[in-house]
Amino acid sequence: TISMIVIDQTGHVVAGTSTNGARHKIPGRVGDSPIPGAGAYADSEVGAAVATGDGDVMMRFLPALLAVEGLRNGQGPSEAAERQIKRITKYYPTFAGGIVVATKDGRHGAACNGMAEFPYSVADGSDWQGEVKVYTVKCV
Amino acid sequence: GGLPLVVTTWRFLNATLQAYQSLTVGEFDPIDALVEGCSVCEREQCDGTVGYGGSPDETGETTLDAMLMDGTTMDIGAVAALREVKHAAAVAKYVLRNTRHTMLAGSQATDFALQMGFRRETLQTDESRAMWEQWKANHCQPNFWRVSNAHCVCVLVGFSYLGAQTILSQIAQKDRSIIENVIPSPSMSCGPYEPVSANAVRSNPPEDASDPDRTDFSFGRYNHD
(Lines give C-alpha, C1' and ligand atoms only; values in the text may rest on other atoms or scores of the structure.)
Protein backbone atom coordinates (compact mmCIF):
# COMPACT_ATOMS: atom_id res chain seq x y z
CA THR A 1 0.00 0.00 0.00
CA ILE A 2 1.03 3.57 -0.74
CA SER A 3 -0.44 6.15 1.60
CA MET A 4 0.44 9.77 1.00
CA ILE A 5 -0.06 13.21 2.55
CA VAL A 6 0.31 16.31 0.33
CA ILE A 7 0.31 19.88 1.71
CA ASP A 8 0.79 22.80 -0.66
CA GLN A 9 2.35 26.19 0.04
CA THR A 10 -1.00 27.66 1.09
CA GLY A 11 -1.62 24.92 3.67
CA HIS A 12 -4.17 22.97 1.59
CA VAL A 13 -3.95 19.45 3.10
CA VAL A 14 -4.95 16.29 1.17
CA ALA A 15 -4.30 12.61 1.83
CA GLY A 16 -4.87 9.38 -0.05
CA THR A 17 -4.06 5.71 -0.58
CA SER A 18 -3.75 3.09 -3.28
CA THR A 19 -3.37 -0.64 -2.75
CA ASN A 20 -4.07 -4.15 -4.03
CA GLY A 21 -4.89 -5.35 -0.54
CA ALA A 22 -3.98 -8.57 1.24
CA ARG A 23 -2.62 -11.63 -0.55
CA HIS A 24 -4.85 -14.74 -0.79
CA LYS A 25 -7.76 -12.75 0.57
CA ILE A 26 -11.28 -14.08 0.37
CA PRO A 27 -12.75 -12.54 -2.81
CA GLY A 28 -14.59 -9.28 -2.07
CA ARG A 29 -12.44 -8.45 0.94
CA VAL A 30 -11.63 -4.75 1.29
CA GLY A 31 -8.98 -3.50 3.71
CA ASP A 32 -8.54 -0.21 5.53
CA SER A 33 -7.01 1.79 2.68
CA PRO A 34 -10.15 3.14 1.01
CA ILE A 35 -12.02 3.65 4.28
CA PRO A 36 -12.06 7.33 5.30
CA GLY A 37 -10.59 7.73 8.79
CA ALA A 38 -8.87 4.33 8.59
CA GLY A 39 -6.53 4.45 5.58
CA ALA A 40 -6.23 8.23 5.50
CA TYR A 41 -7.80 11.41 6.90
CA ALA A 42 -7.14 15.07 6.18
CA ASP A 43 -8.28 18.37 7.72
CA SER A 44 -6.57 21.56 6.52
CA GLU A 45 -7.22 23.19 9.88
CA VAL A 46 -5.03 20.60 11.60
CA GLY A 47 -3.10 18.20 9.32
CA ALA A 48 -3.44 14.64 8.08
CA ALA A 49 -2.66 11.02 8.93
CA VAL A 50 -2.30 7.87 6.82
CA ALA A 51 -1.97 4.21 7.72
CA THR A 52 -0.66 0.95 6.26
CA GLY A 53 -0.56 -2.59 7.57
CA ASP A 54 -2.98 -5.33 8.61
CA GLY A 55 -6.08 -3.65 7.30
CA ASP A 56 -8.56 -6.15 8.72
CA VAL A 57 -7.44 -5.13 12.19
CA MET A 58 -6.53 -1.46 11.73
CA MET A 59 -9.76 -0.32 10.12
CA ARG A 60 -11.64 -1.28 13.28
CA PHE A 61 -9.87 1.53 15.17
CA LEU A 62 -10.00 4.43 12.65
CA PRO A 63 -6.41 5.40 13.48
CA ALA A 64 -6.06 8.13 10.84
CA LEU A 65 -9.10 10.07 12.04
CA LEU A 66 -8.15 9.78 15.71
CA ALA A 67 -4.56 10.79 15.04
CA VAL A 68 -5.82 13.98 13.36
CA GLU A 69 -8.10 14.61 16.35
CA GLY A 70 -5.03 14.07 18.53
CA LEU A 71 -3.28 16.89 16.63
CA ARG A 72 -6.36 19.05 17.17
CA ASN A 73 -6.02 18.41 20.90
CA GLY A 74 -2.43 19.55 20.96
CA GLN A 75 -0.49 16.30 20.49
CA GLY A 76 2.59 16.36 18.30
CA PRO A 77 2.66 14.20 15.18
CA SER A 78 4.75 11.39 16.69
CA GLU A 79 2.71 11.28 19.88
CA ALA A 80 -0.54 11.27 17.91
CA ALA A 81 0.71 8.30 15.85
CA GLU A 82 1.96 6.36 18.88
CA ARG A 83 -1.31 6.76 20.77
CA GLN A 84 -3.23 5.21 17.90
CA ILE A 85 -0.82 2.29 17.63
CA LYS A 86 -1.22 1.63 21.36
CA ARG A 87 -5.00 1.65 21.08
CA ILE A 88 -4.71 -1.20 18.59
CA THR A 89 -2.02 -3.23 20.37
CA LYS A 90 -4.20 -3.33 23.46
CA TYR A 91 -6.46 -5.78 21.56
CA TYR A 92 -4.07 -7.09 18.87
CA PRO A 93 -0.54 -7.08 20.36
CA THR A 94 1.13 -8.66 17.30
CA PHE A 95 -0.58 -6.72 14.51
CA ALA A 96 1.73 -5.31 11.83
CA GLY A 97 1.18 -1.70 10.81
CA GLY A 98 2.39 1.88 10.68
CA ILE A 99 0.87 5.37 10.89
CA VAL A 100 2.34 8.60 9.48
CA VAL A 101 1.09 11.99 10.71
CA ALA A 102 1.79 15.52 9.45
CA THR A 103 0.67 18.88 10.81
CA LYS A 104 -0.68 21.62 8.56
CA ASP A 105 2.59 23.54 8.97
CA GLY A 106 4.71 20.63 7.80
CA ARG A 107 5.91 18.85 10.96
CA HIS A 108 5.72 15.05 10.62
CA GLY A 109 6.17 11.88 12.64
CA ALA A 110 5.26 8.19 12.62
CA ALA A 111 4.80 5.09 14.77
CA CYS A 112 4.52 1.37 14.08
CA ASN A 113 4.08 -2.12 15.51
CA GLY A 114 4.90 -5.69 14.53
CA MET A 115 8.11 -4.95 12.63
CA ALA A 116 11.62 -3.82 13.54
CA GLU A 117 11.29 -0.34 12.12
CA PHE A 118 9.04 1.53 9.74
CA PRO A 119 10.36 3.76 6.93
CA TYR A 120 8.54 6.73 5.43
CA SER A 121 9.56 9.13 2.67
CA VAL A 122 9.52 12.94 2.83
CA ALA A 123 9.87 15.75 0.29
CA ASP A 124 10.01 18.94 2.32
CA GLY A 125 10.01 22.39 0.74
CA SER A 126 11.87 24.08 3.56
CA ASP A 127 14.84 21.77 3.11
CA TRP A 128 14.69 20.78 -0.55
CA GLN A 129 17.88 19.84 -2.35
CA GLY A 130 16.21 17.76 -5.04
CA GLU A 131 16.10 14.52 -3.09
CA VAL A 132 13.43 12.68 -1.15
CA LYS A 133 14.55 11.77 2.37
CA VAL A 134 13.72 8.48 4.12
CA TYR A 135 13.02 8.58 7.84
CA THR A 136 12.67 5.44 9.94
CA VAL A 137 11.03 4.98 13.32
CA LYS A 138 11.58 2.16 15.78
CA CYS A 139 8.34 0.39 16.51
CA VAL A 140 6.39 1.00 19.74
CA GLY B 1 9.41 20.40 8.47
CA GLY B 2 7.97 23.05 6.23
CA LEU B 3 5.76 23.57 3.20
CA PRO B 4 5.12 22.40 0.61
CA LEU B 5 5.33 18.86 1.98
CA VAL B 6 4.80 15.33 0.67
CA VAL B 7 4.98 12.42 3.14
CA THR B 8 4.57 8.81 1.99
CA THR B 9 4.54 5.47 3.77
CA TRP B 10 7.53 3.15 3.09
CA ARG B 11 10.50 3.94 0.80
CA PHE B 12 8.48 4.92 -2.23
CA LEU B 13 10.91 7.63 -3.40
CA ASN B 14 9.72 7.93 -7.02
CA ALA B 15 6.11 8.36 -5.99
CA THR B 16 7.03 10.99 -3.38
CA LEU B 17 9.22 12.87 -5.85
CA GLN B 18 6.53 12.79 -8.56
CA ALA B 19 3.91 14.22 -6.20
CA TYR B 20 6.32 16.92 -4.98
CA GLN B 21 7.35 17.99 -8.48
CA SER B 22 3.73 17.99 -9.67
CA LEU B 23 2.93 20.29 -6.76
CA THR B 24 5.88 22.65 -7.23
CA VAL B 25 7.12 22.60 -10.81
CA GLY B 26 3.85 21.49 -12.36
CA GLU B 27 1.76 23.73 -10.08
CA PHE B 28 -0.83 20.98 -9.83
CA ASP B 29 -3.47 21.32 -7.16
CA PRO B 30 -2.80 18.98 -4.22
CA ILE B 31 -5.38 16.34 -5.23
CA ASP B 32 -3.90 16.06 -8.73
CA ALA B 33 -0.39 15.89 -7.23
CA LEU B 34 -1.59 13.14 -4.87
CA VAL B 35 -3.00 11.13 -7.78
CA GLU B 36 0.23 11.64 -9.74
CA GLY B 37 2.22 10.27 -6.82
CA CYS B 38 -0.02 7.26 -6.14
CA SER B 39 -0.15 6.47 -9.87
CA VAL B 40 3.64 6.05 -9.94
CA CYS B 41 3.31 3.16 -7.49
CA GLU B 42 0.37 1.72 -9.42
CA ARG B 43 2.59 1.63 -12.54
CA GLU B 44 5.71 0.44 -10.69
CA GLN B 45 3.76 -2.08 -8.58
CA CYS B 46 5.58 -0.81 -5.45
CA ASP B 47 6.55 -3.72 -3.17
CA GLY B 48 3.95 -5.86 -4.92
CA THR B 49 1.37 -4.20 -2.67
CA VAL B 50 0.19 -1.49 -5.06
CA GLY B 51 -1.34 -1.82 -8.48
CA TYR B 52 -1.97 -4.70 -10.88
CA GLY B 53 -0.29 -8.11 -10.62
CA GLY B 54 -0.07 -8.22 -6.83
CA SER B 55 -1.90 -9.84 -3.91
CA PRO B 56 -4.09 -12.32 -5.82
CA ASP B 57 -7.23 -13.42 -3.97
CA GLU B 58 -8.39 -17.02 -3.54
CA THR B 59 -9.47 -17.12 -7.19
CA GLY B 60 -6.21 -15.58 -8.45
CA GLU B 61 -7.77 -12.17 -9.18
CA THR B 62 -6.16 -8.86 -8.22
CA THR B 63 -8.51 -6.03 -7.23
CA LEU B 64 -7.60 -2.46 -6.26
CA ASP B 65 -8.63 0.01 -3.56
CA ALA B 66 -7.89 3.75 -3.51
CA MET B 67 -9.08 6.84 -1.68
CA LEU B 68 -8.50 10.61 -1.89
CA MET B 69 -9.52 13.09 0.81
CA ASP B 70 -9.49 16.89 0.49
CA GLY B 71 -8.90 18.38 3.93
CA THR B 72 -10.29 21.79 2.95
CA THR B 73 -13.65 20.72 1.47
CA MET B 74 -13.73 17.42 3.43
CA ASP B 75 -14.74 15.84 0.12
CA ILE B 76 -13.70 12.22 -0.52
CA GLY B 77 -13.53 9.96 -3.58
CA ALA B 78 -12.81 6.23 -3.15
CA VAL B 79 -13.00 2.92 -4.98
CA ALA B 80 -12.96 -0.48 -3.24
CA ALA B 81 -12.36 -3.90 -4.81
CA LEU B 82 -12.11 -2.24 -8.24
CA ARG B 83 -11.86 -4.97 -10.90
CA GLU B 84 -10.10 -4.98 -14.27
CA VAL B 85 -9.06 -1.30 -14.26
CA LYS B 86 -5.46 -0.42 -13.46
CA HIS B 87 -5.66 3.24 -12.45
CA ALA B 88 -7.47 3.12 -9.12
CA ALA B 89 -6.33 6.50 -7.79
CA ALA B 90 -7.37 8.22 -11.02
CA VAL B 91 -10.79 6.54 -10.92
CA ALA B 92 -11.16 7.68 -7.28
CA LYS B 93 -10.56 11.25 -8.51
CA TYR B 94 -13.56 10.90 -10.89
CA VAL B 95 -15.67 9.73 -7.96
CA LEU B 96 -14.47 12.81 -6.05
CA ARG B 97 -14.92 15.34 -8.82
CA ASN B 98 -17.78 13.94 -10.90
CA THR B 99 -20.15 12.49 -8.34
CA ARG B 100 -21.53 13.45 -4.97
CA HIS B 101 -20.79 9.94 -3.70
CA THR B 102 -17.83 8.98 -1.50
CA MET B 103 -17.11 5.39 -2.53
CA LEU B 104 -17.92 2.99 -5.38
CA ALA B 105 -17.16 -0.73 -5.09
CA GLY B 106 -16.61 -3.92 -7.07
CA SER B 107 -17.75 -4.54 -10.65
CA GLN B 108 -20.02 -1.50 -10.51
CA ALA B 109 -16.99 0.67 -9.77
CA THR B 110 -15.49 -0.89 -12.91
CA ASP B 111 -18.61 0.05 -14.90
CA PHE B 112 -18.26 3.62 -13.63
CA ALA B 113 -14.58 3.70 -14.65
CA LEU B 114 -15.41 2.47 -18.16
CA GLN B 115 -18.08 5.18 -18.37
CA MET B 116 -15.39 7.74 -17.44
CA GLY B 117 -13.21 6.48 -20.27
CA PHE B 118 -10.90 4.03 -18.53
CA ARG B 119 -9.96 0.78 -20.24
CA ARG B 120 -10.94 -2.72 -19.05
CA GLU B 121 -7.85 -5.00 -18.81
CA THR B 122 -6.84 -7.96 -16.72
CA LEU B 123 -4.94 -7.18 -13.52
CA GLN B 124 -3.46 -10.68 -13.41
CA THR B 125 0.16 -11.17 -14.48
CA ASP B 126 2.38 -14.22 -14.90
CA GLU B 127 3.83 -13.47 -11.46
CA SER B 128 0.49 -13.18 -9.69
CA ARG B 129 -0.79 -16.29 -11.46
CA ALA B 130 2.35 -18.23 -10.36
CA MET B 131 1.95 -16.91 -6.79
CA TRP B 132 -1.64 -18.13 -6.81
CA GLU B 133 -0.80 -21.55 -8.33
CA GLN B 134 1.88 -22.08 -5.69
CA TRP B 135 -0.57 -21.15 -2.93
CA LYS B 136 -3.16 -23.65 -4.25
CA ALA B 137 -0.48 -26.35 -4.47
CA ASN B 138 0.27 -25.68 -0.78
CA HIS B 139 -3.29 -26.62 0.32
CA CYS B 140 -4.28 -22.93 0.12
CA GLN B 141 -2.07 -21.99 3.08
CA PRO B 142 -2.12 -19.54 4.68
CA ASN B 143 -5.65 -18.20 4.34
CA PHE B 144 -8.10 -15.98 6.20
CA TRP B 145 -10.61 -18.58 7.45
CA ARG B 146 -11.03 -19.22 11.19
CA VAL B 147 -9.67 -22.48 12.60
CA SER B 148 -10.44 -23.77 16.08
CA ASN B 149 -7.47 -24.64 18.31
CA ALA B 150 -8.65 -28.16 19.05
CA HIS B 151 -8.03 -29.03 15.43
CA CYS B 152 -4.45 -27.76 15.44
CA VAL B 153 -3.56 -30.21 18.20
CA CYS B 154 -4.29 -33.15 15.88
CA VAL B 155 -1.83 -31.81 13.35
CA LEU B 156 0.81 -31.10 15.95
CA VAL B 157 0.87 -34.62 17.35
CA GLY B 158 2.20 -35.87 14.05
CA PHE B 159 -0.86 -36.97 12.13
CA SER B 160 -0.26 -36.60 8.41
CA TYR B 161 -2.48 -34.12 6.68
CA LEU B 162 -4.77 -36.81 5.33
CA GLY B 163 -4.69 -38.73 8.58
CA ALA B 164 -5.75 -35.69 10.58
CA GLN B 165 -8.38 -34.87 8.01
CA THR B 166 -9.96 -38.32 8.20
CA ILE B 167 -9.97 -38.37 11.98
CA LEU B 168 -11.37 -34.88 12.18
CA SER B 169 -14.21 -35.54 9.80
CA GLN B 170 -15.14 -38.66 11.77
CA ILE B 171 -15.09 -36.68 15.04
CA ALA B 172 -16.87 -33.78 13.39
CA GLN B 173 -19.75 -36.04 12.40
CA LYS B 174 -20.47 -36.68 16.07
CA ASP B 175 -20.11 -33.16 17.42
CA ARG B 176 -19.10 -30.56 14.94
CA SER B 177 -19.07 -27.72 17.37
CA ILE B 178 -16.02 -29.14 19.12
CA ILE B 179 -13.82 -29.09 16.06
CA GLU B 180 -14.58 -26.74 13.31
CA ASN B 181 -15.86 -23.37 12.37
CA VAL B 182 -16.00 -24.36 8.74
CA ILE B 183 -15.27 -27.61 6.97
CA PRO B 184 -13.22 -28.88 5.31
CA SER B 185 -10.50 -27.69 7.67
CA PRO B 186 -9.08 -24.41 6.38
CA SER B 187 -5.68 -25.05 7.99
CA MET B 188 -5.03 -27.95 5.66
CA SER B 189 -7.55 -27.81 2.82
CA CYS B 190 -8.70 -25.50 0.08
CA GLY B 191 -12.34 -24.52 -0.14
CA PRO B 192 -15.08 -24.25 -0.90
CA TYR B 193 -15.91 -24.33 2.80
CA GLU B 194 -19.25 -24.72 4.50
CA PRO B 195 -20.06 -23.44 7.94
CA VAL B 196 -20.57 -25.91 10.74
CA SER B 197 -24.29 -25.63 11.50
CA ALA B 198 -24.86 -22.07 12.66
CA ASN B 199 -26.24 -22.90 16.08
CA ALA B 200 -23.40 -25.26 16.90
CA VAL B 201 -20.76 -22.61 16.35
CA ARG B 202 -19.94 -20.96 19.67
CA SER B 203 -19.14 -17.21 19.62
CA ASN B 204 -15.52 -16.72 18.67
CA PRO B 205 -13.19 -15.37 21.35
CA PRO B 206 -11.46 -12.13 20.22
CA GLU B 207 -8.88 -14.15 18.27
CA ASP B 208 -5.74 -12.17 17.55
CA ALA B 209 -6.62 -11.61 13.91
CA SER B 210 -3.04 -10.72 13.34
CA ASP B 211 -1.41 -13.74 14.98
CA PRO B 212 1.89 -14.75 13.38
CA ASP B 213 0.33 -17.63 11.46
CA ARG B 214 -1.93 -15.20 9.67
CA THR B 215 0.63 -12.64 8.78
CA ASP B 216 3.81 -14.64 8.57
CA PHE B 217 3.84 -15.02 4.81
CA SER B 218 6.91 -15.21 2.65
CA PHE B 219 6.75 -11.63 1.34
CA GLY B 220 8.72 -9.52 3.76
CA ARG B 221 7.20 -11.62 6.50
CA TYR B 222 3.97 -9.59 6.38
CA ASN B 223 1.00 -9.71 4.12
CA HIS B 224 -0.99 -6.53 4.60
CA ASP B 225 -2.50 -3.44 3.06
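Everything quoted here is computed from the prediction, not taken from an experiment. In what follows, every chain begins at residue 1, and chains take the letters A, B, ... in the order their sequences are listed.
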Looking only at non-hydrogen atoms, find the nearest pair between A:A102 and B:V7 and report the distance. CB-CG2, 4.4 Å
Bottom line for B:C41: the part with an atom under 4.5 Å from chain A's heavy atoms is side chain
Out of B:L82, B:D29, B:V35, B:T63, which one racks up the most heavy-atom pairs below 4.5 Å with chain A? B:T63
Strictly distance-based, threshold 3.5 Å: is any side-chain N or O of A:S44 a donor or acceptor partner for the main-chain N or O of B:G71? yes
Chain A heavy atoms under 4.5 Å from B:A66: which part of the residue, side chain, backbone, both or neither? both
Max heavy-atom pair count under 4.5 Å with chain A, selected residue of B:S55, B:A105, B:C38: B:S55
Heavy-atom cut-off 4.5 Å, strictly under: side chain, backbone, both or neither for A:K133 against chain B? neither
If you look at every heavy atom in A:P34 and B:A78, which pair is closest and at what distance? O-CB, 3.7 Å
Check whether B:I76 gets within reach of chain A through its side chain, its backbone, both or neither, counting any heavy atom under 4.5 Å. side chain
Just so I know, are the side chains of A:V132 and B:Y20 near enough to count as touching, which here means a heavy-atom distance under 4.5 Å? no
Identify the residue among B:T16, B:L5, B:V6 that makes a side chain to side chain contact (heavy atoms under 4.5 Å, CB included) with A:V122. B:L5
Top of B:D70, B:L68, B:N14 for chain A proximity - count of heavy-atom pairs under 4.5 angstrom: B:D70
Does CD in A:E45 sit with more than 12 non-hydrogen atoms of other residues, nucleotides or ligands closer than 6.0 Å? no
Would you name the heavy atoms of A:M4 and B:G37 that are closest together and state the gap between them? CE-CA, 3.8 Å
Spatial distance of atom OG (A:S18) from atom CG (B:D65) [nearest 0.5 Å]: 8.0 Å
Please classify the contact between A:D8 and chain B as side chain, backbone, both or neither, with a heavy-atom cut-off of under 4.5 Å. both
Could you check whether the rings of B:W135 and A:H24 sit parallel, tilted or perpendicular, using 30° and 60° as the cut-offs? parallel
Between B:T49 (side chain only) and A:I2 (backbone N and O only), is there a donor and an acceptor less than 3.5 Å apart? no
Stepwise, does the salt bridge (charged side-chain N to carboxylate O under 4.0 Å, His left out) test hold for A:R29 with B:D225? CA-CA 11 Å; A:R29 178 267 187 188; B:D225 300 282; 2.7 Å; yes
Identify which part of B:T73 has an atom lying under 4.5 Å from any heavy atom of chain A, answering side chain, backbone, both or neither. neither
When heavy-atom pairs shorter than 4.5 Å are enumerated against chain B, which of A:V46, A:V30, A:T103 gives the highest number? A:V30
Proximity breakdown for B:L13 and chain A, heavy-atom pairs closer than 4.5 Å: both
Residues in residues 107-128 of chain B that sit under 4.5 Å from chain A, counting heavy atoms only: none
Interatomic distance, A:T136 atom OG1 to B:R11 atom CZ [nearest 0.5 angstrom]: 6.5 Å
Which atom names give the shortest non-hydrogen contact between A:P36 and B:T102, and what distance separates them? CG-CG2, 4.3 Å
Closest-packed option against chain A by number of heavy-atom pairs under 4.5 Å, given B:L17, B:T59, B:D57, B:V40: B:D57
Using a 3.5 Å distance criterion without hydrogens, assess whether the side chain of B:T72 forms a donor-acceptor pair with backbone atoms of A:H12. no
Checking B:T9 side chain against A:I99 main chain: does a donor-acceptor pair fall under 3.5 Å? no
For B:F144 and A:R23, work out which heavy atoms get closest and say how close. CE1-O, 3.3 Å
Structural part of A:Y41 lying under 4.5 Å from a heavy atom of chain B: both
Non-hydrogen atoms of chain B under 4.5 Å away: do they reach the side chain of A:V100, the backbone, both or neither? side chain
Just by distance, do the side chain of A:N20 and the backbone of B:G48 share a donor-acceptor pair under 3.5 Å? yes
Is chain A contacted by the side chain of B:M103, its backbone, both, or neither, given a heavy-atom distance below 4.5 Å? side chain
Scored by heavy-atom pairs under 4.5 Å with chain A, the best of B:A19, B:P56, B:G106, B:C140 is B:P56
Please identify, among B:R83, B:E58, B:Q21, B:Q45, the residue contributing the most non-hydrogen atom pairs under 4.5 Å to chain A. B:E58
